A.B. asks: 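Take this structure first; my questions come after.
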2 protein chains.
Amino acid sequence: MSSSRATLIQVAERAGVSLASTSRALHGTGASQKMVDRVRAAAAELGYSPDAIGRSLRMKRTFQVAFAVADIGNPVYVEMLTAIHEVLAPHGYRVVVMSTGHTVASTVDLVRSLGSGFVDGLIVSPLRTDDALVDAIREAPVPVVVIGRSLEQQGIDSVSTDSAAGLGQAVAHLLEIGRRRIGFVNGPLDTTPGAARQRGFDAATSGPAFTGDHAETERADDFTVAAGLAAARRLLSRTPAAGPFDAVVAANDLLAIGVVRAARELGLSVPGALAVTGMDDTEIGRVFQPSLTSVSLGSAERGAAAARLVLDRVDDGAEPAQQIAIGPRLFVRESTAQEESAR
Amino acid sequence: MSSSRATLIQVAERAGVSLASTSRALHGTGASQKMVDRVRAAAAELGYSPDAIGRSLRMKRTFQVAFAVADIGNPVYVEMLTAIHEVLAPHGYRVVVMSTGHTVASTVDLVRSLGSGFVDGLIVSPLRTDDALVDAIREAPVPVVVIGRSLEQQGIDSVSTDSAAGLGQAVAHLLEIGRRRIGFVNGPLDTTPGAARQRGFDAATSGPAFTGDHAETERADDFTVAAGLAAARRLLSRTPAAGPFDAVVAANDLLAIGVVRAARELGLSVPGALAVTGMDDTEIGRVFQPSLTSVSLGSAERGAAAARLVLDRVDDGAEPAQQIAIGPRLFVRESTAQEESAR
DNA sequence: CCCATCACCGGAAACGTTTCCAGTGTGCAT
DNA sequence: ATGCACACTGGAAACGTTTCCGGTGATGGG
C-alpha cells in the first residue's frame, strides 16, 4: 500500500494544460497529437490511473454486472459464471457475484438493492419465482436478465431451456435401451426447475408414447448429492408390482451421483442392474465413475447468451423483451451403456 | 426498468429541510427524532435508495472486495469464494470475481488495475509468483491478501498452508498401510503449489524415514482430470525394478481422479492393486467412486481467514503484515482403504 | 436576568471525472 | 486582404453523497 493515487487534476497541472484537455487527451477524442503526447507523458510520470468511481459518477456507468444465484457451489452456476465472465471481461465489465438467498423474498430484496446503482445490469437465476419478484424485476432501474424459465408474457428478458423436453429425451433413451421400470429422483417441486422437470417426466411417462411398465417419482429435499442419496435409498427400497426398478432418471447430475451411490450400497450394478441418467452435463458427471449419461441444458451457452443480452440492453435500453431458448441435448455415457462390459 | 431514481436532494426538498440534515437523518447521527421521522417519510414516498457511486466517491470506500484466481472452475477456488462471500456479505461488502490469467504478467496487470480504485481490497491466489508481482502487491493502493505461499519476508499479508507437509502425511499414510512403490503425479513445477508439493514428496521419500522401495514422479501439464489421466498413463506404463507401483500420490483431487481412471483402464483395482491419494479434500473427491483419501488444505478456512484479514486492513491500514497458516489434515477414505472388500 | 453550554440545523466544499459551451487561433479560399 | 470554416483548447457545470464549520435557538445554572 503506497501513498495516495494521482488525480487527473494533478496530471493536468503537470502537463500545464486544462483539465478538460487532459481528459480528452487520455480518452482519445478531439485532441491534437502534441497534446496527447504531452498528457500521456505527464500521466506516465505520475503513474496516473483513472478513478473508476469518479468516472462512474459522471458517466452513470459502473462497468459492473451482477450475477446472482442461490448456491455458487453448484457446478452449473460455476459454468455460467465462467461463461459470463468470458463474455463480459473483453468489454471492460467486471462481474459481481451475489447470493439470492434461498427464498423468493430475499431475491426480491436483492433486485431492489439494484436501486443503489452499483451495477449496470443483473443476471439472475432464481430457484423460485413469484409475482412480487416479477414486479421487482420489471421495475428494476437496470436491465435484468433471468436465466431459468421463459418470462415472455411478463415482458422480461430471459434465457431459458426446455428441461421438460430434456427429461423426455432421457426417458426416451432409457426406453430405447430396453428399460421398463423407471424411477425419477427430482428436487423440490416448488422450485422452477423442479416443477418443469416433474412436468417433463409426467408427460414422458403417461400416454401412448410410454412403452415402459412403471414410472414413479421420489423427491429429494435439495439438488445435492446427499439429498439424492437419501431419496434414492427410499425409492429403491420399494419394489413396484411390475418388478424392481431398472432405471432412474435424476433431475440433475448431483442427484444422479447420489443415486449411483445408493445403487452401490444396495449391490445394484450401474448400468447393468440400474441405468442412471443425470442432467446438466457437468464436469463432475463426465469424470465420475461410471461417467454419467446426462442431458445438457447448455449452462455455458445460457450464461454467455445472458451476458450478451445484458450488454445489448445496457447500450440501447428499450427494445422489446427478448427470449432466448437453448435446446436440451442428451449425451450418452457409461451410466446407461448397453454393453455390460463397459461397466 | 422504470424512470430514473430519486436523489437525496429531492428527498431534502420534499421534506423541506437541508441536504445536510437529510443525510444525517438517514445515516442516523446527530439528528432530532422529528427530523428523522420527517426525512424517512419523504424518502419512503419517493422510494429513495442511496446511490452507491456518489457515496463511494465521497467516502472513498467502495464496499467491494475482489477475489482473483486463474481458473474459477477449480472447485478449490469455488470453496474459497463461497467462504469469502459468507464472511464479507454480513459486513455489507460485495465480492467481485476477477481472473488473474495464467501468466504472472497478467496477474501483475490485474494488481496494477487496482489503481482505478473500484475495490477496497483484493484477495488473490496466484499460481505463479515472481519479484515483479511481489513489488506490485506491495505498492498496491489497497490491501492485498495472498492465498498461497507465505510472504512474510516480503511484508505481505498471506494465508498459507503447508502443502509440503500435507504431502508428507499422504506418503506416511501409504507407507503405514503397507505400500512400498509410490508414484507421484504432480502438476507443473513452475507453479507455487507444484513446487511446494514436489518438495514435500522428495522430502518424504528420501532419507531414513522412507521405508518404501521406490519413489518416482510424473508431471502433468495442468491441475486437471485430463492432465492427470495422461500423466498417470505414462507413469503406470513403467515398471520399476522394485516391482509395479502399488500407490500413487496425486497433487490434487482432480489429478487423483485422472489417476483412478487410468488405473481402471489398465485393469488395476483401486485401492486393491493401487492406492490413490488426492489433495484439497474437495466435494468432488468425497463423492467420487471410490471416495478419495485426500489431504485437506482448508480451502474454506483459508478463504474466510483472507476475508477477515482484508476486513481488518480496510479499517486500520498499517499494521505489520500478518501470516496465517492453516495446517493440512489427512482424511482417509475408500481410495486407500485397507480392506479389499470396501473396493 | 445573563451567560455558557449544548443540540441541532443549513450552507458549502469536497471527492474525480466527463462534457457542454464558448472562445481562440490557424489555414484556406475567395 | 478579408472572411469563413475548422480544429483545438479552457472554463465551468454536473453527477450524488458526506462532513466540516459556523450559526441559531433552547435550556439550564449562577
Side-chain angles (χ1 to χ4, degrees), chain A residues 3-40 42-43 46-64 92 113-120 141-142, chain B residues 3-40 42-43 46-64 92 113-120 141-142:
Chain A
S3 58
S4 64
R5 293 154 25 209
T7 151
L8 195 59
I9 300 184
Q10 294 169 22
V11 176
E13 285 172 357
R14 177 107 181 184
V17 298
S18 81
L19 180 59
S21 301
T22 310
S23 175
R24 275 189 298 255
L26 292 179
H27 195 262
T29 89
S32 67
Q33 189 56 46
K34 207 178 71 182
M35 174 70 80
V36 170
D37 294 342
R38 203 163 156 184
V39 170
R40 284 248 176 85
L46 270 63
Y48 170 78
S49 78
D51 182 82
I53 303 297
R55 153 179 301 206
S56 290
L57 183 62
R58 173 64 220 230
M59 309 227 312
K60 293 177 165 302
R61 279 274 183 96
T62 61
F63 295 99
Q64 295 191 149
S113 79
L114 297 178
S116 42
F118 58 95
V119 289
D120 297 337
V142 297
Chain B
S3 57
S4 63
R5 293 153 25 207
T7 151
L8 195 60
I9 301 185
Q10 294 169 22
V11 176
E13 285 172 358
R14 177 108 181 182
V17 298
S18 82
L19 179 59
S21 300
T22 310
S23 174
R24 275 190 297 253
L26 292 178
H27 195 263
T29 90
S32 68
Q33 190 57 47
K34 209 178 69 180
M35 174 69 80
V36 170
D37 294 343
R38 203 162 156 184
V39 170
R40 285 248 176 86
L46 270 62
Y48 170 77
S49 78
D51 183 82
I53 304 298
R55 154 178 301 205
S56 290
L57 182 62
R58 172 65 221 231
M59 310 224 318
K60 294 178 164 301
R61 278 276 184 96
T62 61
F63 295 100
Q64 295 190 149
S113 79
L114 297 177
S116 42
F118 57 95
V119 290
D120 297 338
V142 297

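Everything quoted here is computed from the prediction, not taken from an experiment. Below, read A as the first sequence line, B as the second, and so on, with proteins coming before strands; counting in each chain starts at 1. FYI, side chains are in, hydrogens and waters are out, and symmetry mates aren't considered; it's all heavy atoms of this structure.
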A.B. asks: Rounded to whole angstroms, how far apart are CD on B/Gln10 and P on D/dG16?
C.D. replies: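 Rounded to the whole Å, the gap is 8 Å.
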A.B. asks: How long is the line joining CZ of A/Arg55 and C1' of C/dC15, in whole Å?
C.D. replies: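 Those two atoms, CZ and C1', are 16 Å apart.
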A.B. asks: CZ/A/Arg5 to CG/B/Leu114 distance, rounded to the nearest 0.5 angstrom?
C.D. replies: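 The CG atom of B/Leu114 is 9.5 Å from CZ of A/Arg5, to the nearest 0.5 Å.
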A.B. asks: Checking contacts here: which listed nucleotide (D/dG11, C/dG10, C/dG16) is nearest the side-chain heavy atoms of A/Ser18?
C.D. replies: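 Nucleotide nearest to A/Ser18's side chain: D/dG11.
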A.B. asks: Applying the side-chain contact (heavy atoms from CB on, under 4.5 Å) criterion to A/Thr62, which one of A/Leu57, A/Asp120, A/Val142, A/Ile53 satisfies it?
C.D. replies: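 Exactly one candidate clears the test, A/Asp120.
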A.B. asks: A/Arg61 has an atom CZ; how far is it from atom P of D/dG16, in whole Å?
C.D. replies: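 Distance, rounded to whole Å: 16 Å.
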A.B. asks: What is the distance from CG of B/Leu46 to C1' of D/dG16, rounded to the nearest Å?
C.D. replies: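 Answer to the nearest Å: 15 Å.
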A.B. asks: Is there a side-chain contact between B/Leu8 and B/Ser23 (heavy atoms, below 4.5 Å)?
C.D. replies: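 In contact.
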A.B. asks: For A/Asp51, does its backbone N or O pair with a side-chain atom of B/Ser116 as donor and acceptor, under 3.5 Å?
C.D. replies: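 No, B/Ser116 side chain to A/Asp51 backbone: no donor-acceptor pair under 3.5 Å.
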A.B. asks: As an exercise, state the distance from CD of A/Gln64 to CD of B/Gln64, rounded to the nearest 0.5 Å.
C.D. replies: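 One gets 4.0 Å once the value is rounded to the nearest 0.5 Å.
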A.B. asks: Compare the minimum distances between each of C/dC9, C/dC15, D/dG10 and the side chain of A/Met35, then state the nucleotide with the smallest one.
C.D. replies: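 Looking only at heavy atoms from C-beta outward on A/Met35, the closest nucleotide is D/dG10.
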A.B. asks: Can you figure out which of D/dC8, C/dG10, C/dG16 approaches the side chain of B/Val17 most closely?
C.D. replies: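 Taking heavy atoms from C-beta onward, the closest nucleotide is C/dG10.
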A.B. asks: Starting at atom CG of A/Asp51, determine the distance to atom P of C/dT17, rounded to an integer number of angstrom.
C.D. replies: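 Rounded to whole Å, this separation is 5 Å.
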A.B. asks: Just how far, in rounded Å, is P of C/dC8 from CZ of B/Arg38?
C.D. replies: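 After rounding, the gap between these two atoms is 15 Å.
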A.B. asks: Between C/dC8, D/dT17, D/dG16, spot the one nearest the side chain of B/Ser32, thanks.
C.D. replies: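 Of the candidates, C/dC8 comes closest.
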A.B. asks: Within the 4.0 Å limit for protein heavy atoms, which parts of nucleotides 19-26 of chain D are touched? Write it as a string from 5' to 3', B for base, S for sugar-phosphate only, - for none.
C.D. replies: BB------
A.B. asks: Quick one: which protein N/O atoms are closer than 3.5 Å to N/O atoms of nucleotides 22-26 of chain C? Pair and distance per line, please.
C.D. replies:
none

A.B. asks: Please lay out, stage by stage, how A/Ser56 and A/Phe118 fare under the test side chain to side chain contact (heavy atoms under 4.5 Å, CB included).
C.D. replies: CA-CA 9 Å; A/Ser56 290; A/Phe118 58 95; over 6 Å; no
A.B. asks: DNA chain C: B/Gly30 or B/Gly54, which has the more 5' nearest nucleotide?
C.D. replies: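 On the 5' side of the pair lies B/Gly30.
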A.B. asks: Between D/dA14 atom P and A/Ile53 atom CD1, what is the distance in whole Å?
C.D. replies: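 Rounding to the nearest Å, CD1 of A/Ile53 and P of D/dA14 are 22 Å apart.
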A.B. asks: Is the shortest side-chain N/O distance from A/Thr7 to OP1 or OP2 of C/dT17 below 4.0 Å?
C.D. replies: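 For A/Thr7, the contact criterion (side-chain N or O under 4.0 Å from OP1 or OP2 of C/dT17) is met.
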A.B. asks: Reckon A/Lys60 has a side-chain N or O less than 4.0 Å from the OP1 or OP2 of D/dG16?
C.D. replies: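 So the side-chain polar atoms of A/Lys60 do come within 4.0 Å of the phosphate oxygens OP1 or OP2 of D/dG16, strictly under.
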A.B. asks: Donor-acceptor pair, distance only, cut-off 3.5 Å: does the side chain of B/Arg38 make one with the backbone of B/Ala15?
C.D. replies: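 It does hold such a pair.
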A.B. asks: Please check this pair: side chain of A/Thr7 against backbone of A/Ile9, looking for a donor-acceptor N/O pair closer than 3.5 Å.
C.D. replies: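 The answer is yes, because a donor-acceptor pair under 3.5 Å joins these two groups.
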A.B. asks: Within this structure, what is the CG-to-P distance between B/Leu26 and D/dT18, rounded to whole angstrom?
C.D. replies: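 B/Leu26 atom CG is separated from D/dT18 atom P by 8 Å.
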A.B. asks: Distance from A/Gln33 atom CD to A/Arg40 atom CZ, nearest 0.5 Å?
C.D. replies: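 A/Gln33 atom CD to A/Arg40 atom CZ measures 7.5 Å (nearest 0.5 Å).
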A.B. asks: Which value, rounded to the nearest 0.5 Å, describes the distance between A/Leu19 atom CG and A/Glu13 atom CD?
C.D. replies: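 So the gap between those two atoms works out to 9.5 Å.
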